[in-house]
Amino acid sequence: MTQVFNAASTTDEVLAGVDLSGKRVLVTGVSAGLGVETARVLAAHGAQVIGTARDLAKAERATQVVRDQAANGGGIELVELDLASLASVRAAADRLVADGRSFDVVIANAGVMATPLGYTADGFETQFGTNHLGHFVFVNRIAPLIKDGGRLVNLASSGHRYSDVDLEDPNFEHTPYEPMVAYGRSKTANILFAVEFDRRHKDRGVRATALHPGGIQTELGRHIGQETLEQVLARINAELAEQGQPPFQWKTIPQGAATSVWAGFVAPAGEVGARYCENCHVSQVTDGIINPVSEGVRSYALDPENAKALWAKSEEMVGERF
């Protein structure tokens with residue numbers, strides 16, 4: 001019988017008894033938070049982790065724990081990758097393709113959240129450009145390296161519920177910029193990318209899924225001020241109290257990274273392919289009124305036609321077809 005995990009499950013619990021010796025896994029964003037914890041638990045179970053980071057010196061320091069706990073042939077190598085620069089993305093992908101070694105699982109973990117209005121090196125709005133387009137080019141360029149039967153795991157967020165993608169105005173040229181709306185668009189894009197990638201690659205057994213790690217206090221939230229955060233939490237807790245529910249609890253980082261390793265290594269591929277997961281299970285589609293900490297994925301984020309349209313728009317924006 002498949003073991004049931006939940007919101008409180010940690011990475012170590014999810015991978016208990018799982019031997020990843022001989023597995024090769026790529027994890028983007030290993031200089032802090034969830035990326036470091038994901039790399040740590042994978043290497044501790046014998047996997048060879050290729051971790052990417054914009055700042056290699058920072059990542060080197062942050063991943064010392066990965067090297068310290070690596071076992072059964074596990075370990076970590078670092079690759080420089082700045083998702084906000086397509087030149088960097090293409091150079092990193094080219095290096096991996098030239099190296100030629102395959103991956104069992106790719107975990108697209110890196111991202112930014114609620115940034116002030118800004119642009120990537122290529123002129124894309126920062127969050128859409130970094131969270132979606134950078135990964136779109138990087139993952140598609142290394143897609144031939146994903147073994148038959150392998151998986152792509154995209155870290156999205158319940159933040160996708162702030163907004164569908166806007167394919168008419170992805171860079172906020174005509175829309176007033178709202179940091180969380182921009183975040184929502186980018187996280188919806190992460191889910192839709194998984195849906196279309198899954199459709200394109202499942203004939204060789206490669207499945208793609210997206211997930212919400214949960215509410216965790218990491219560097220990701222650095223652009224949201226403490227006062228704003230406290231106001232949001234007060235509103236959420238008031239709403240929960242009205243519904244007779246306990247107050248919101250932050251997840252620990254090992255709890256937050258648990259769904260990534262569950263979706264990549266434990267869950268049956270057919271159950272998670274082209275789906276959205278949270279709290280170590282597949283989430284349900286809901287388009288009704290929902291409070292910010294409830295489970296649920298919006299139907300627009302899993303819509304196959306929306307996913308195809310985003311893919312075409314993304315190819316047009318980056319000037320490359322996959």
Side-chain angles (χ1 to χ4, degrees), residues 3 5-83 88 92 95-96 99 101-113 135 138 142 145-147 150-155 211 213-222 250-267 280:
Q3 178 154 5
F5 300 104
N6 57 39
S9 300
T10 65
T11 48
D12 286 318
E13 289 165 352
V14 168
L15 287 185
V18 176
D19 182 8
L20 299 177
S21 300
K23 301 279 188 196
R24 210 160 168 268
V25 187
L26 189 138
V27 182
T28 66
V30 297
S31 57
L34 297 178
V36 173
E37 171 59 17
T38 302
R40 179 203 67 79
V41 76
L42 296 177
H45 285 260
Q48 271 295 327
V49 178
I50 310 312
T52 79
R54 185 178 63 228
D55 182 340
L56 285 185
K58 182 182 178 187
E60 191 74 39
R61 294 190 297 273
T63 54
Q64 188 55 50
V65 64
V66 182
R67 288 180 282 276
D68 290 346
Q69 296 190 26
N72 303 325
I76 186 165
E77 290 172 44
L78 297 177
V79 172
E80 187 176 347
L81 169 66
D82 180 357
L83 289 163
S88 172
R95 275 200 301 279
L96 293 170
D99 175 74
R101 287 177 289 170
S102 58
F103 295 105
D104 295 274
V105 176
V106 171
I107 301 177
N109 163 85
V112 294
M113 176 182 179
H135 275 123
F138 183 65
I142 63 166
L145 298 178
I146 302 175
K147 285 182 185 171
R151 296 188 199 185
L152 167 65
V153 177
N154 281 351
L155 269 77
L211 63 91
I216 312 127
Q217 289 184 291
T218 69
E219 282 190 12
L220 185 67
R222 62 184 170 272
W250 292 106
K251 280 190 179 187
T252 65
I253 288 174
Q255 288 170 339
T259 304
S260 299
V261 295
W262 174 82
F265 301 92
V266 176
C280 298

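- The salt bridge (Lys or Arg N to Asp or Glu O under 4.0 Å) search around Glu77 returns Arg101, not counting sequence neighbours.
- Using a 4.5 Å heavy-atom cutoff, the side chains of Val106 and Val153 are not in contact.
- Asn109 contributes a side-chain N or O that, together with a main-chain N or O of Gly29, makes up a donor-acceptor pair within less than 3.5 Å.
- Residues Ala92 and Val79 approach most closely at CB-CG1, 4.2 Å, considering heavy atoms.
- Here the OG1-CG distance, from Thr52 to Leu83, works out to 6.0 Å after rounding to the nearest 0.5 Å.
- The side-chain hydrogen bond (donor to acceptor under 3.5 Å, both in side chains) search around Glu60 returns Arg67, not counting sequence neighbours.
- Qualifying salt bridge (Lys or Arg N to Asp or Glu O under 4.0 Å) partners for Arg95, counting only residues two or more places apart in sequence or in other chains: none.
- Ile253 contributes atom CD1, which lies 13.0 Å from atom OG1 of Thr10 (distance to the nearest 0.5 angstrom).
- From Asn72, atom CG reaches atom CG of Asp19 across 6.0 Å, with rounding to the nearest 0.5 Å.
- Not a single donor-acceptor pair under 3.5 Å links the side chain of Ser102 to the backbone N or O of Ile146.
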Only pairs under 3.5 Å count here: list side-chain donor-acceptor contacts from residues 34-45, not counting sequence neighbours, and write none if there are none.
residue: Glu37; atom: OE1; partner: Arg40; partner atom: NE; Å: 2.9
residue: Glu37; atom: OE2; partner: Thr11; partner atom: OG1; Å: 2.5
residue: Glu37; atom: OE2; partner: Arg40; partner atom: NH2; Å: 2.8
residue: Thr38; atom: OG1; partner: Leu34; partner atom: O; Å: 2.7
residue: Arg40; atom: NH1; partner: Gln69; partner atom: OE1; Å: 2.8
residue: Arg40; atom: NH2; partner: Asp12; partner atom: OD1; Å: 3.2
residue: Arg40; atom: NH2; partner: Asp12; partner atom: OD2; Å: 3.2
residue: His45; atom: ND1; partner: Leu15; partner atom: O; Å: 3.3
residue: His45; atom: ND1; partner: Val18; partner atom: O; Å: 2.8

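- By the 4.5 Å heavy-atom criterion applied to side chains, Phe103 and Leu96 are counted as neighbours.
- Among all heavy-atom pairs drawn from Phe265 and Leu20, the shortest one is CD2-CD2, 3.7 Å.
- Summarising the geometry, atom CG belonging to Leu81 is positioned 9.5 Å from atom CG belonging to Leu56; distances are rounded to the nearest 0.5 Å.
- Scanning both residues, Gly51 and Ile76, for their nearest heavy atoms gives N-CG1, 4.4 Å.
- Heavy-atom minimum distance, Cys280 versus Phe5: CB-CB, 3.5 Å.
- Proximity of a side-chain donor or acceptor of Thr28 to a complementary backbone N or O of Ala110 within less than 3.5 Å is detected.
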Candidate pair Leu155 and Leu211, rule side chain to side chain contact (heavy atoms under 4.5 Å, CB included), full reasoning = CA-CA 5 Å; Leu155 269 77; Leu211 63 91; 3.8 Å; yes

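- With sequence neighbours excluded, the residues that form a side chain to side chain contact (heavy atoms under 4.5 Å, CB included) with Asp104 are Lys23, Arg24, Lys147.
- Asn6 is linked by a side chain to side chain contact (heavy atoms under 4.5 Å, CB included) to Ala8, Ser9, counting only residues two or more places apart in sequence or in another chain.
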